[in-house]
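Numbering of ligands and ligand atoms starts at 1, following listing order.
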Amino acid sequence: MTGDLFAPLTHPEAGTETIAPGAVLLRGFACAEAPALLSGIEAVAAAAPFRHMVTPGGQTMSVAMTCCGSLGWVTDRRGYRYQATDPASGAPWPSLPPAFAAVATAAAEAGGYPGFAPDACLINRYAPGARMGLHQDRDEQDFTQPIVSVSLGLPAVFLFGGPKRNDPARRIPLVQGDVVVWGGPSRLFFHGVAPLRAGHHPAADPLRYNLTFRRAGLSCPS
Ligand code: MD3
Ligand code: FE
């Protein structure tokens, strides 16, 4: 009964917006799954705690990160890479919580990329003031595979540039439940996140989380 009343608000296609060639914004796509996703983050962080990693240039990142899946993204003085184990413990990364893969695959399909099977999920945690400078995601092996991002907790302003670092960046506000599927020509576009503004959020006070689902290795390893 109430499900029927609210169906139009949660219907995936209702909020589908193409923001660049191959990039699709699904407003509110993961709203219903937010509690399960936040529980999943807690479970992952219990086994692989959030940490502030160091860039090859020696800067400590303001965003705290952890990973799950068969591969995790890491950075240290030696460079950026994916690896199967958590450098903090030497243990394999926790597996993807069940709710994670389901949302990523469904969102990718809604965005026009059926059959997406992520092998890595990077979990970013932003406290007020944390930011992510403009960068490309190019440590994955197959750029024909999209990246799916899910925003949780406090709102943020996403910076979305173009194929060149100097291309002007659009500012796109993202709130809890918003999902973006980045594929096709936009897959290698520069992007970042403006410094998080302080605020309160009932589900994640005072933090923002972002899940990025990736296919880091080859889809059909030979
Ligand atoms: C556009 N994270 O972890 S997700 C990252 O909100 C990262 O934490 C940001 O950038 C965050 O690498 C933004 C959105 C995103 C992810 C991958 C992209 C946008 C992208 C790849 C290509 C183009
Ligand atoms: Fe990125």
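Panel note: side chain Gln83, backbone Thr85; a donor-acceptor pair is recorded below 3.5 Å. A donor-acceptor pair is defined here as one N or O able to donate and one able to accept, closer than 3.5 Å; no such pair exists between the side chain of Asn210 and the backbone of Ile123. Checking side-chain atoms of Asp178 against main-chain N and O of Gly28 turns up a donor-acceptor pair under 3.5 Å. With Arg215 contributing its side chain and Ala117 its backbone, the two residues share a donor-acceptor pair below 3.5 Å.
Set against the non-hydrogen atoms of Ser186, the atoms of ligand 1 under 4.0 Å away are 22 (C), 23 (C). Heavy-atom proximity to Thr212, at under 4.0 Å, picks out these atoms of ligand 1: 3 (O), 4 (S), 16 (C). For ligand 1, the atoms sitting less than 4.0 Å from at least one non-hydrogen atom of Arg214 are 3 (O), 5 (C), 12 (O), numbered in the order shown with element in parentheses. Close approach to Leu122 involves these atoms of ligand 1, each under 4.0 Å from a residue heavy atom: 3 (O). Within the listing of ligand 1, atoms 6 (O), 9 (C), 11 (C) sit less than 4.0 angstrom from a heavy atom of Val193. Proximity to Ser149 (heavy-atom distance under 4.0 Å) selects the following atoms of ligand 1: 4 (S), 14 (C). Ligand 1 places these atoms under 4.0 Å from at least one heavy atom of Asp137: 12 (O), 17 (C). Of all atoms in ligand 1, numbered sequentially from 1 with element shown, those under 4.0 Å from a heavy atom of Arg208 are 6 (O), 8 (O), 11 (C).
The closest approach between Ile147 and ligand 1 falls below 4.0 Å for a heavy atom of the residue. Not a single heavy atom of Arg131 lies less than 4.0 angstrom from ligand 1. Under a 4.0 angstrom heavy-atom cut-off, Phe158 registers as being in contact with ligand 1. Contact annotation: Gln136 has no heavy atom less than 4.0 Å from any atom of ligand 1. Remark: distances from the non-hydrogen atoms of Tyr126 to ligand 1 include one below 4.0 Å.
By the neighbour-count criterion of 12 heavy atoms within 6.0 Å, atom CZ of Arg197 is sparsely surrounded, having that number or fewer from other residues, nucleotides or ligands.
No side-chain heavy atom of Val148 sits under 4.5 Å from any side-chain heavy atom of Phe29. Using a 4.5 Å heavy-atom cutoff, the side chains of Arg51 and Pro87 are in contact. In this structure, the side chains of Ile41 and Phe100 come closer than 4.5 Å at one or more pairs of heavy atoms.
Partners of Ser62 under the side chain to side chain donor-acceptor pair (under 3.5 Å) rule, at least two apart in sequence or in another chain, do not exist in this structure.
Scanning all protein heavy atoms for the shortest distance to atom 21 (C) of ligand 1 gives His191 CE1, 3.4 Å. Looking only at protein heavy atoms, the nearest one to atom 19 (C) of ligand 1 is Trp182 CE2, 3.0 Å. Looking at atom 3 (O) of ligand 1, its nearest protein heavy atom turns out to be Asn124 ND2, 2.9 Å.
Between Phe158 and Trp182, the ring-plane angle classifies as tilted under the 30° and 60° cut-offs.
For the Fe ion (ligand 2), protein N/O/S neighbours under 2.8 Å (waters excluded) are His135 NE2, Asp137 OD1, His191 NE2.
Residues Tyr113 and Gln145 have side chains that never bring a donor and an acceptor to within less than 3.5 angstrom of each other.
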